[in-house]
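For reference, the structure discussed in these notes is given below.
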Amino acid sequence: MSTEQITGAKIVLKSLNDQGVDVIFGYPGGAVLPLYDEIFSQNKVRHILVRQEAGAVHAAEGYARSTGKVGVVLVTSGPGATNAVTGLTDALMDSIPLVCLTGQVPTHLIGNDAFQECDTTGITRPCTKHNYLVKNVNDLAKTVHEAFHVARSGRPGPVVIDLPKDVMMARAEYLPPLRKEAFKYNPKRIPDADLANDAVKMIASAKRPIFYCGGGVINSGPGASRLLTQFIRLTGYPCTLTLMGLGAFPASDTQFLGMLGMHGTYEANLAMHECDVMIAIGARFDDRITGRLDSFSPNSRKIHIDIDPSSINKNVNVDVPVVGDVEETLKVMIDLWKREKCKSDQKSLKQWWKKIDVWRSQNCLKFEQGKDKIKPQYPIKLLRTITAGRELFITTEVGQHQMWAAQYLAFDKPNRWMTSGGLGTMGYGLPAAVGVQIAHPEALVVDISGEASFLMNMQELSTIGQYRLPIKILILNNFYMGMVRQWQELMHGGRYAESYMDSLPDFVKLAETFNMVGLRATKPTEIEKVLKEMIETEAPVICDIHVDPAENCFPMIPSGAAHNEMLLSPADQAVSNTSEEGMVLV
Amino acid sequence: MATEKFINRHTISILVENEPGVLARVVGLFSGRGYNIESLTVAETSQENSLSRITVVTAGTPMIIEQIKAQLDRLVPVYKVSDLTIEGPHVERELALVKVVATGEKRVESLRIADIFRARAVDSTNESFVFEIVGATQKLDAFIELMKPIGLVDISRTGVVAIARGIIPLSEEM
Ligand SMILES: Cc1ncc(C[n+]2csc(CCOP(=O)(O)OP(=O)(O)O)c2C)c(N)n1
Ligand SMILES: [Mg+2]
């Protein structure tokens with residue numbers, strides 16, 4: 001082995017190379033200048049300069065979510081690190097693998113309230129999977145390799161490495177990565193055979209089964225989605241997906257009931273309520289899914305497959321807990337199913353599907369596009385039709401538009417849908433689209449946005465310009481923080497406190513100042529032409545679509561209500577009465 | 001879940017990598033998720049393997065206790081989490097230093113009580129004693145209760161340390 005002594009900054013770059021990193025998203029500052037100096041004098045790792053550090057983290061999330069690789073972020077100390085906190089929390093909630101390098105003041109100044117010092121490891125401890133402060137250059141290579149291992153192993157998540165400037169300038173020998181098995185942190189991937197067996201038996205015995213699957217399937221890799229699809233088709237059972245799980249099972253499959261939860265479909269939520277066996281895979285029973293806990297799927301036996309033991313029995317008690325990686329577990333279960341010659345109970349299943357078809361015939365996602373105002377659902381539905389057959393990646397912001405996108409976009413493949421689920425971060429979609437487009441330069445990348453969310457990180461338009469990223473930003477402009485307005489209408493007597501978006505910019509002119517193409521539609525008849533023009537334009541586009549400001553997002557399970565207490569349309573909303581208990585929920 | 005009303009006290013042993021911030025991680029987990037800490041002790045137990053042992057006494061419903069253990073277990077520097085309360089017989093000990101200010105008959109009485117509890121006087125002046133007492137938490141509580149009317153002015157307690165009975169060490173499976 002060579003004993004060449006190189007600087008800490010060089011060690012970081014070498015470690016990134018050995019970890020297969022080809023791009024990092026960052027923003028410079030005093031504490032990270034040695035690293036930027038190294039970046040300047042190499043060309044293996046590409047640096048994407050964002051316009052605010054929050055953008056760097058969301059871009060890395062988009063990159064990670066659309067590729068399955070670890071996203072990498074580089075920010076300076078103090079304000080650079082604090083600006084990254086929202087993105088880190090977002091990545092923690094949605095289990096996105098990230099490594100975020102933060103600059104720090106030199107070790108001898110730590111604790112001195114030095115210029116641009118902050119307690120980065122203290123601040124980020126609760127919003128990362130793990131974090132490190134590297135005080136000795138001899139630990140540096142080992143720490144960077146371990147950080148990547150931690151970020152991508154088990155339930156993925158963000159990892160921060162805080163790098164004091166003097167450590168970047170000190171010298172040490174470089175150490176290459178260890179084998180995976182050499183790390184002490186190695187969460188269990190292979191399920192217990194007995195539990196997998198119990199699960200398969202319970203699945204085979206079901207009369208009214210449902211698969212309820214989430215983002216964990218996507219995190220496990222494309223192989224997991226393939227196996228899931230195979231298993232669901234083997235059984236003939238219905239499947240519903242969470243917001244984070246969309247694409248894990250093809251939406252075009254007749255066994256797909258749509259998304260479940262607060263804005264899920266009627267058939268998915270009722271099937272969850274009335275099932276006798278629930279097969280939860282890589283999903284975490286959060287409050288947006290369960291509604292009121294004490295009436296959540298009251299008569300079912302539950303199987304829960306998850307890589308994170310702390311997700312099991314957290315909110316809902318399950319009968320068969322299976323800890324393991326989704327892909328590995330499905331392999332075992334499909335083998336068992338075939339080996340034991342398991343068969344679904346066809347007679348009961350037929351009855352069950354009959355029931356489901358009655359719920360389906362409600363057609364809960366129907367809407368009427370009249371002549372006058374553009375219904376926000378319409379452009380989204382149309383976008384899917386006119387992009388049929390194209391590689392389409394969607395990011396979203398947070399609000400009504402996000403839910404409509406989830407309801408109408410129908411994803412057939414994993415890793416095509418990037419949205420902020422757990423944290424619900426407005427401003428996520430635009431920078432996330434930057435990361436997605438960097439990873440997939442040829443693909444069509446559309447950020448479905450609301451006018452309010454767009455304003456939260458619109459500085460990244462400048463990044464889009466710099467790298468000539470042909471991103472399409474589709475703003476469903478309802479002149480309101482629509483989701484806030486909807487809750488105010490439903491639960492606060494229509495008192496629209498501070499939810500109107502006054503003084504919006506002219507989005508078409510805004511596009512032009514950033515050398516983008518600006519388009520606008522204000523009438524239903526203009527939509528198709530404008531959308532086609534948007535996707536055929538090679539340059540980046542902002543497409544400002546004026547939609548009906550009064551439209552609410554349905555179906556909706558009001559907070560504190562159960563799955564069978566869904567509001568389907570404005571007609572239901574008149575009679576809805578949110579309980580006091582429900583009012584305190586978010 | 002809200003329907004579970006049975007709150008039990010559990011003593012949990014946690015074997016951790018002795019690295020900066022590990023205690024903050026454990027404590028932050030408890031405060032961030034609203035779990036309860038009745039007592040917490042921590043010290044290095046193996047310098048060569050860089051290990052520390054944390055003993056936490058906590059209380060919660062069975063579901064919460066399971067959550068606490070699962071959450072602890074997924075912290076990267078945590079090697080082993082063991083719920084001594086349910087994993088078989090174990091020994092719990094706590095040490096307290098108790099300062100009692102008293103003269104005359106009360107001073108004599110304090111010595112008598114100390115004797116019954118096998119507490120030792122580790123410091124004395126003409127008007128005061130510092131007693132050292134070791135035992136289970138309840139024993140210390142009882143001793144302190146008795147000393148209050150006599151002239152108890154100050155207490156310092158270590159919190160519970162605990163270990164399983166029998167031959168198997170906590171680090172066995174590492
Ligand atoms: C950073 C942040 N602040 C506040 C919120 C609360 N919030 C949720 S949706 C929403 C309104 C979003 O408005 P817009 O982007 O126009 O989307 P719309 O609902 O109108 O489609 C707000 C304020 C949030 N999710 N994120
Ligand atoms: Mg809006």
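Per chain, numbering begins at 1; letters A, B, ... match sequence-line order.
In this structure, A/Asp113 places its CG atom where only 12 or fewer heavy-atom neighbours from other residues, nucleotides or ligands lie under 6.0 Å away. Within a 6.0 Å sphere centred on NZ of B/Lys139, other residues, nucleotides and ligands contribute more than 12 heavy atoms. Atom CD of B/Gln47 has 12 or fewer neighbouring heavy atoms from other residues, nucleotides or ligands inside a 6.0 Å radius. Residue B/Glu132 qualifies as enclosed at atom CD: its count of foreign heavy atoms under 6.0 Å is above 12.
Pairing each heavy atom of A/Ser310 with each of B/Gln67, the nearest pair is O-NE2, 2.6 Å. When all heavy atoms of B/Met63 and A/Val316 are compared, the closest pair comes out as CE-N, 4.0 Å.
With sequence neighbours left out, the side chain to side chain contact (heavy atoms under 4.5 Å, CB included) criterion links A/Ala182 to A/Leu178.
For A/Leu133, no part lies near chain B; criterion is any non-hydrogen pair under 4.5 Å. For chain B, the nearby parts of A/Asn131 are the backbone and the side chain; heavy atoms of each come within less than 4.5 Å. Using a 4.5 Å cut-off between heavy atoms, B/Glu66 does not touch chain A at all.
Contact annotation for residues 150-164 of chain B against chain A (heavy-atom separation below 4.5 Å): no residues qualify.
Between chain B and the residues A/Asp308, A/Val150, A/Ile312, A/Asn313, the largest count of heavy-atom pairs under 4.5 Å involves A/Asp308.
Atom CG of B/Leu75 sits about 11.0 Å away from atom CZ of A/Arg125, to the nearest 0.5 Å. Distance check: B/Ile64 CD1 to A/Lys314 NZ gives 11.0 Å after rounding to the nearest 0.5 Å. Between atom NZ of residue A/Lys184 and atom CD of residue B/Glu17 there is a gap of 4.5 Å, rounded to the nearest 0.5 Å.
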